[in-house]
Structures are given as structure tokens and as C-alpha cells.
Amino acid sequence: MEKADIRYLKGLAKQYPTIPAAATEIINLQAILSLPKGTEHFITDIHGEYDQFQHVMKNGSGAIKRKIEEEFGNSLSVAEKKGIAILIYYPELKLKQVLKQEENMEDWYKVTLYRLIRICKGASSKYTRSKVRKALPKDFAYVIEELLTGRPYVSDQEAYYNEIINSVIRTGRASELVIGFCNLIRRLVVDHLHVVGDIYDRGPYPNLIMDTLMEHHSVDIQWGNHDVLWMGAAAGNPACIANVIRISARYGNLNTLEDGYGINLIPLVRFALERYDKDPCDAFHLDYREDEYDVKDVQLDKKMHKAITIIQFKLEGQLIKKHPEFQMQERLLLDKIDLEKKTVTVEGKTYPLKDTCFPTLDMKHPYELSPEEADVMDRLVTAFINCEKLQKHIRFLYTKGSLYKVYNGNLLYHGCVPFNEDGTFKKVRIFNREYSGKELYDVLEHYARKGYYSIDPKEKEKGLDILWFIWQNANSPVFGKSKMTTFERYFIADKATHKEPKNPYYRLLEQEEIVNKILREFGLEGEDAHIINGHVPVETKRGESPVKCGGKLLIIDGGFSKAYQPKTGIAGYTLIYNSYGLLLAAHEPFESVEKAVQNGNDIHSHMVLVQHTNLRKTVADTDVGKEIKENITELEALLCAYREGTIVERQ
């Protein structure tokens with residue numbers, strides 16, 4: 001045995017100092033491998049839609065209803081099963097309703113608790129007792145464990161079991177126990193959550209979504225382009241900050257910044273009122289929701305919208321000039337404006353301008369901020385960097401997130417792998433070297449982390465610039481379009497200029513050799529390997545399918561964002577991967593939590609079986625299973641060393 005191996009085994013022996021200790025752990029780990037694989041839940045392109053996100057999280061994309069159906073089948077009515085489901089989703093709100101309506105709460109508590117216990121037993125059956133114990137709510141850990149492991153139909157335990165429930169009701173703790181069971185069921189039904197990008201922008205409550213994710217027991221995040229934009233803003237990139245504020249203004253969500261994060265926008269307000277006071281800013285209309293927006297703010301928000309947009313174009317122009325290797329020179333458009341003729345030239349063609357009021361534009365130096373604009377941006381950069389809540393959320397994105405993830409045989413990413421038309425990986429220059437495929441993802445993530453964490457000023461500057469590159473460069477994997485036509489959408493009426501052609505990836509993804517090539521690039525192959533993709537809304541109303549290449553690639557952005565729902569025809573796709581296979585859920589729009597509780601309204605979801613396995617997958621088939629097998633091998637080596645006398649037991 002090598003010295004290094006002996007040294008490692010001696011370290012392991014400190015944890016398992018005897019033959020019985022090592023052998024017991026081997027038995028335990030070997031048994032865990034035979035348990036069913038935990039359920040994974042995939043969700044993407046949430047875009048600040050907190051209510052719909054919250055409901056899909058609570059119902060596990062239908063996993064809770066399926067668990068109820070498995071336990072009760074036809075023994076309960078549809079209305080009773082629906083009532084149990086809503087109770088599990090929103091226990092506090094449902095209990096308030098029940099307390100007003102029920103005449104005999106003691107009977108209701110008894111019936112409900114027995115039903116919840118039964119569902120919870122079914123949900124916990126695929127886990128070790130140790131894992132279930134760790135998930136128990138502290139206040140009821142003993143009570144719930146006894147109720148889950150007890151045998152009420154055995155005469156010796158029947159009285160004991162029933163007395164636990166009677167005592168809980170008698171001491172006035174039944175409501176809290178019901179809530180504890182409901183939370184535990186949701187926790188056990190879905191073992192792990194994948195968020196495949198774009199938590200931020202468009203919708204009004206990304207901050208609440210981030211709060212929820214930070215409380216989740218097991219989650220990973222694949223960064224979307226909108227997430228990276230906010231990461232760049234939090235790191236202090238002025239161009240990213242300007243983009244964040246512009247998008248928030250456009251969708252009537254400046255409250256997200258002011259109230260949700262406490263970021264002071266007064267410097268921008270003063271500047272906009274001063275320089276755009278008499279400008280109607282008609283080209284800068286707002287896509288707000290009438291039921292969630294105070295229309296008294298429209299004129300001010302339009303002025304702020306325009307002010308920050310012009311600042312954004314200037315800041316982006318500075319970055320494009322600074323980095324010619326980004327190959328974005330065609331996006332330098334401020335210097336192509338002719339104020340006398342009221343036109344702009346884009347890609348060699350001249351168009352009339354919809355808006356010709358540019359009070360801060362110096363045509364001799366079009367990409368320089370005016371002194372007032374520079375002061376506004378200095379204050380905004382300081383506000384973003386010093387925003388404690390934003391920094392907490394972004395650190396969580398960095399800790400739990402990445403540009404891609406390989407997990408249990410699936411490849412997860414938000415946008416695309418950049419391709420050439422001929423089906424080869426596109427080579428992209430990042431500073432002094434070219435990268436493609438997986439290497440491109442890796443180098444971009446490397447610099448994205450430097451942009452936030454590096455203490456070396458030069459490396460941090462590179463990272464900050466790359467964060468903006470990831471947001472909107474044609475060669476960015478999470479953008480995947482030839483250009484971002486923000487300028488054209490504001491200033492040119494001709495909609496032909498608004499088009500953003502997609503990367504060839506989106507035309508090639510029905511070809512099996514292309515999908516297999518991507519999977520191999522990231523170390524995956526075989527029939528069970530899939531790509532889980534977000535970013536581009538699937539237009540279901542036009543007959544488009546999220547299932548590509550015979551089920552090897554799944555695009556699960558179906559329009560969580562209300563801004564996209566008229567185009568997609570649905571309210572988002574989610575995916576469930578359990579021990580039996582892959583289930584795709586297409587969701588209809590969610591009305592409200594209040595209607596869900598009052599009327600039992602759940603999101604109506606259409607389930608599509610993507611892949612079914614006859615042989616149920618176990619922990620042994622997962623990434624965790626691979627680690628457990630490695631641990632078993634190491635423990636068996638330790639056991640052998642004990643028995644050979646190479647290492648001495650410590651009694």
C-alpha cells in the first residue's frame with residue numbers, strides 16, 4: 001500500500017476508529033444506494049413573477065397532487081383531494097378559512113392530521129430515517145417522528161398513537177402541527193430544485209423570489225443573461241447598472257429597486273426632471289400593469305426611462321471602444337445620428353428618428369457622459385455596491401450558481417452553446433485567446449467571478465467588462481443572438497431593424513449529431529443524457545414543441561413572464577425528474593393565491609411524459625450514488641487495513 005494511501009486511511013480512521021464502526025457505515029451506505037432516486041424539479045425564466053413561481057414551487061409542478069392521488073385514489077372525492085392539496089400549498093391561509101367555516105374543529109383536526117400523516121409517510125419512504133429527521137420542524141420533531149414511525153393499527157400502539165394526536169389538539173397546538181406537516185410534505189416531495197436562469201427583470205418581485213430560494217433546502221441556479229446583468233450591476237459595472245434601471249423603468253418596476261432593495265434613485269429623478277423637463281419622451285413608453293402600477297408616476301418614469309437609456313448607450317459605447325475584440329463596433333450608433341436631418345444610419349442604411357431630443361449628446365464626443373450624467377452614475381454605482389440586501393442576493397447567486405451544470409446525467413444551461421452554421425463550435429476571442437464549447441463557458445464564468453470577488457484592480461476590471469459581455473454579446477452563451485437592438489426599438493419605426501437573429505444553435509438542435517456533440521463536450525453520452533434549456537420562449541400557440549431531437553433536448557421556457565404569455569399562449573413549462581422518468585408540465589396562467597385558497601383553484605397543468613423507465617432509478621444511479629460508492633471503496637480499504645494490521649483500531 002502506498003504511503004499516501006496509508007496517510008489518507010489514517011485520517012479516515014479518526015472518523016471510523018474500529019472495525020464495527022467502518023463496517024456499520026458500509027452497511028448503511030450500501031443500503032442507501034438501493035433507495036429510489038429523489039425527485040428533481042426544474043424551473044426557468046421566472047422573471048420576477050413571484051405569485052406564479054410561489055405556487056409552482058408549492059405544488060411541485062403537480063407532484064403534490066400525484067402523491068395525494070397515490071395515497072387515496074378513489075377513496076376520497078375530487079373535492080376532498082383538492083382541499084388537501086390547497087392545504088398543503090398554503091396551510092396558514094387555508095386554516096384561516098377553515099376556522100371560519102368548520103363547526104367541529106376537533107374532528108377536522110383529527111381527520112386532517114391522519115390524512116397528512118399518511119401522505120407524509122408515503123413522501124418520506126424514499127429517504128433514510130436520518131434524512132427525514134433532519135427535515136423535521138424543530139418544535140414538532142419528536143411528535144412527527146413518533147407519528148410517522150408508529151403503527152396505529154397494532155393494538156399495543158393504538159392508544160399511544162391516538163393520544164399523541166388528542167394531546168396536540170387539547171393543548172391548542174393542532175394548527176401548528178398541521179402547518180408543520182404541510183411544510184414537511186412539500187420539503188420531502190421535491191428533493192432538489194434547479195433554476196435554469198433568469199430570475200430577474202420584467203416581473204415586479206425578483207427580490208421575493210431570491211428570498212424564497214435562499215430558504216430552500218437544496219437548490220442550484222444556472223445563470224441567465226438577466227441574472228448576469230444584475231450580478232454585473234451589484235459588482236459595480238456602470239453599463240450593467242444603467243441597463244438594470246432602464247429595464248425596471250420600462251416595465252414599471254422601479255419600485256423593485258427603491259422599495260425592494262432600498263436603492264436611492266433621487267439623483268436620477270432630479271437629473272431627468274432638469275434635462276428632460278419639457279420632453280414628452282413619447283418613444284419611451286412603459287409596459288406597466290395597470291393593477292400594480294400608480295399611473296401618476298408615468299410622466300416622471302418616462303423621463304427617467306429616457307435619461308438612463310441615453311446614459312446606457314454612452315457607457316456601452318465606451319466598452320465597445322475599449323474592447324475591439326468584442327466585435328461590437330456596429331452597435332456604435334450615437335455617432336451615426338444626424339441631428340440636422342433627424343436621421344440615424346444603421347448598418348449602412350439611413351432611417352428617420354422617432355425622437356430627436358438629445359439635450360446631453362455632444363456630437364463631437366457622443367460617448368462621453370456629461371458632468372451631470374457622470375455625477376448621477378457615480379451616485380448610482382455607490383448605491384448598488386453598498387446595497388446590503390442586493391449584495392446578499394447576488395452572493396447567493398454566485399455561491400449556488402454557475403453558467404452550466406452537469407447533474408445526474410443531464411446538462412443544464414440557460415441559453416445556447418454558440419455554433420457556426422456548419423455545425424462546428426464557434427471560436428470566441430476572450431482577451432488574448434480563443435475559446436469554444438465548454439471552454440468558453442468555463443472562461444466566462446472564471447471572469448464573471450473575478451468581476452465580483454477579485455481584489456486585483458486589473459483582474460476585477462476585466463471581470464466587470466466580461467459581465468456586460470455575457471449580458472449582450474452575440475457570442476455569449478446566455479444571450480445567443482446576433483445583436484441586442486435596444487437602440488432601434490426606441491428610435492426607429494421600421495420593425496425590420498428590431499430583429500435579433502438567433503445563433504445557428506437554434507436551427508441545429510433537431511439534429512441528433514449536434515445534440516450528441518454538445519453532450520460529449522460536457523462529458524455526457526447515452527440514452528439517459530438530456531439537455532435542459534431555458535431562455536427562448538416556446539410559442540406553444542403556434543404549435544411549437546418544447547421537446548426537441550426526440551426528447552434529448554428540452555426547452556422549458558414557456559412564458560412565466562406575463563409579458564411573454566400573449567406570445568407563448570401558456571404560462572411556463574417546468575420539468576419533473578423522478579425515479580420513474582421525466583415529466584414535462586405546461587402551465588396555464590395563475591390567477592391569485594386568494595382564489596386558490598378560497599375556491600381551491602390550482603394551476604391547470606398539462607403533463608407530458610418525456611421519458612419513462614421500466615427499471616426504477618435508485619440513488620446508485622445518481623451523482624450522489626457515485627460519491628457513496630467511492631466512500632464505500634475507501635471504507636472497505638480501511639476495513640482491510642484494520643484486518644491486516646496496517647492500521648490499528650482505537651477502542
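In this chain, residues are counted from 1 in sequence order. Note: hydrogens, waters and symmetry copies are ignored here, and every other heavy atom, side chains too, is used.
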Step-by-step side chain to side chain contact (heavy atoms under 4.5 Å, CB included) determination, H305 to L286:
CA-CA 9 Å; H305 187 188; L286 311 180; 3.7 Å; yes
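- Between the N237 side chain and the C240 main chain, a donor and an acceptor come within less than 3.5 Å of each other.
- Put simply, the side chain of Q329 reaches to within 4.5 Å of the side chain of P324, judged on heavy atoms.
- Remark: side-chain polar atoms of R187 are not paired, donor with acceptor, to backbone N or O of H217 under 3.5 angstrom.
- No salt bridge links E500 with K483; every basic N to acidic carboxylate O contact stays at or beyond 4.0 Å.
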Assess whether ring pair (Phe, Tyr, Trp, His ring centres under 6.0 Å) is satisfied between F384 and Y261, documenting all intermediate values.
CA-CA 9 Å; F384 271 74; Y261 284 112; 8.6 Å; no
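- Within a 6.0 Å sphere centred on NZ of K96, heavy atoms belonging to other residues, nucleotides or ligands number 12 at most.
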Hey, mind stepping through Y90 and H55 against ring pair (Phe, Tyr, Trp, His ring centres under 6.0 Å) and telling me if it holds?
CA-CA 9 Å; Y90 303 105; H55 192 74; 5.6 Å; yes
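- Among N503, L440, V417, the one residue that satisfies the side chain to side chain contact (heavy atoms under 4.5 Å, CB included) test with P477 is L440.
- Here K321 does not pair with E316 in a salt bridge; the nearest charged N to carboxylate O distance is not below 4.0 Å.
- Closest approach of Q222 to L403, counting heavy atoms only: CB-O, 4.4 Å.
- For E388, the CD atom sits in a loose shell: 12 or fewer heavy atoms of surrounding residues, nucleotides or ligands are nearer than 6.0 Å.
- Using a 4.0 Å cut-off between charged side-chain N and carboxylate O, D287 and R250 make a salt bridge.
- Taking the centre and axis of the six-membered ring of Y506, the NZ or CZ atom of K502 falls inside the cone set by 45° and 6.0 Å.
- One distance of note links CE of M304 with CG of L254; it measures 5.0 Å at 0.5 Å rounding.
- Side-chain contact of N475 with K426: a donor-acceptor pair under 3.5 Å is present, judged by distance alone.
- Electrostatic pairing of E330 and K336 does not count as a salt bridge here, judged by no charged N lying under 4.0 Å from a carboxylate O.
- Atom OH of Y251 sits about 10.0 Å away from atom CZ of R289, to the nearest 0.5 Å.
- Ion pairing between a basic and an acidic side chain is recognised when a charged N comes within 4.0 Å of a carboxylate O; K302 and D282 show such pairing.
- Shown here is R270, whose CZ atom has no more than 12 heavy atoms of other residues, nucleotides or ligands within 6.0 Å.
- Ion pairing between D375 and R379 holds under the 4.0 Å rule for side-chain N and carboxylate O.
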Is there a side chain to side chain contact (heavy atoms under 4.5 Å, CB included) between Y205 and N207? Walk through the geometry before answering.
CA-CA 5 Å; Y205 303 114; N207 53 311; 4.3 Å; yes
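- Contact of the V428 side chain with the E434 side chain is not registered, since no non-hydrogen atoms from C-beta on lie closer than 4.5 Å.
- Formation of a donor-acceptor pair under 3.5 Å by the D338 side chain with backbone atoms of K341 is found in this model.
- Aromatic ring centroids of W230 and H393 lie 6.0 Å or more apart.
- Less than 6.0 angstrom separates the ring centroid of F42 from the ring centroid of H194.
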One pair to check against side chain to side chain contact (heavy atoms under 4.5 Å, CB included): N253 and I247. What are the steps and the verdict?
CA-CA 8 Å; N253 290 331; I247 294 170; over 6 Å; no
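- Between L213 and I199, some side-chain heavy-atom pair lies under the 4.5 Å cut-off.
- The shortest heavy-atom contact between Y452 and A235 is CD1-CB, 3.9 Å.
- Residues H47 and D201 have side chains that never bring a donor and an acceptor to within less than 3.5 angstrom of each other.
- Ring geometry, H192 versus Y407: the interplanar angle falls under 30°, so the pair is classed parallel (tilted spans 30 to 60°).
- Using modelled atom types, no side-chain atom of S476 and backbone atom of Q472 make a donor-acceptor pair closer than 3.5 Å.
- Taking the side chain as every heavy atom from C-beta outward, I43 and L193 approach each other to under 4.5 Å.
- With values rounded to the nearest 0.5 angstrom, T360 atom OG1 is found 11.5 Å from E274 atom CD.
- Here the closest heavy-atom approach between residue V381 and residue P238 is recorded as CG2-CG, 4.1 Å.
- At a threshold of 4.0 Å, the pair K306-D355 counts as salt-bridged, since one of the basic side-chain nitrogens sits closer than that to a carboxylate oxygen.
- Note: D442 CG to I430 CD1 = 12.0 Å, rounded to the nearest 0.5 Å.
- Looking only at distances, no side-chain donor or acceptor of D362 sits under 3.5 Å from a matching main-chain atom of S370.
- The backbone N or O of D198 sits nowhere less than 3.5 Å from a side-chain atom of N225 that would complete a donor-acceptor pair.
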Please determine whether side chain to side chain contact (heavy atoms under 4.5 Å, CB included) holds for the pair L554 and N533, giving the CA-CA distance in whole Å, both sets of side-chain angles, and the decisive distance to 0.1 Å.
CA-CA 6 Å; L554 303 165; N533 204 166; over 6 Å; no
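- Within a 6.0 Å radius of NZ in K342, no more than 12 heavy atoms belonging to other residues, nucleotides or ligands are found.
- A donor-acceptor pair under 3.5 Å links the side-chain atoms of T256 to the main chain of P204, judged by distance alone.
- Aromatic pair Y447/F431: centroids less than 6.0 angstrom apart.
- Pairs passing the ring-ring contact (aromatic ring centres under 6.0 Å, His included) check and including a residue from residues 347-382, sequence neighbours excluded, read F358-F491.
- Panel note: side chain T350, backbone V346; no donor-acceptor pair is recorded below 3.5 Å.
- In this structure, the separation between CZ on F326 and CG on L319 is 7.0 Å, given to the nearest 0.5 Å.
- No donor-acceptor pair under 3.5 Å is formed between the side chain of K460 and the backbone N or O of Y453.
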Evaluation steps, ring pair (Phe, Tyr, Trp, His ring centres under 6.0 Å), between W223 and Y398
CA-CA 9 Å; W223 302 327; Y398 272 103; 5.6 Å; yes
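- Ion pairing of K389 with D211 is present here, as a side-chain N (NZ or NE/NH1/NH2) and a carboxylate O approach within less than 4.0 Å.
- Within the model, atoms CZ of F53 and OH of Y50 stand 7.5 Å from one another, a figure rounded to the nearest 0.5 Å.
- With respect to the salt-bridge test (charged N to carboxylate O, under 4.0 angstrom), the residues K314 and E373 qualify.
- Between the R331 side chain and the M484 main chain, a donor and an acceptor come within less than 3.5 Å of each other.
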For a ring pair (Phe, Tyr, Trp, His ring centres under 6.0 Å) check, start with the C-alpha distance between Y293 and Y288, then their side-chain angles and the critical distance, and finish with the verdict.
CA-CA 6 Å; Y293 181 79; Y288 60 82; 4.5 Å; yes
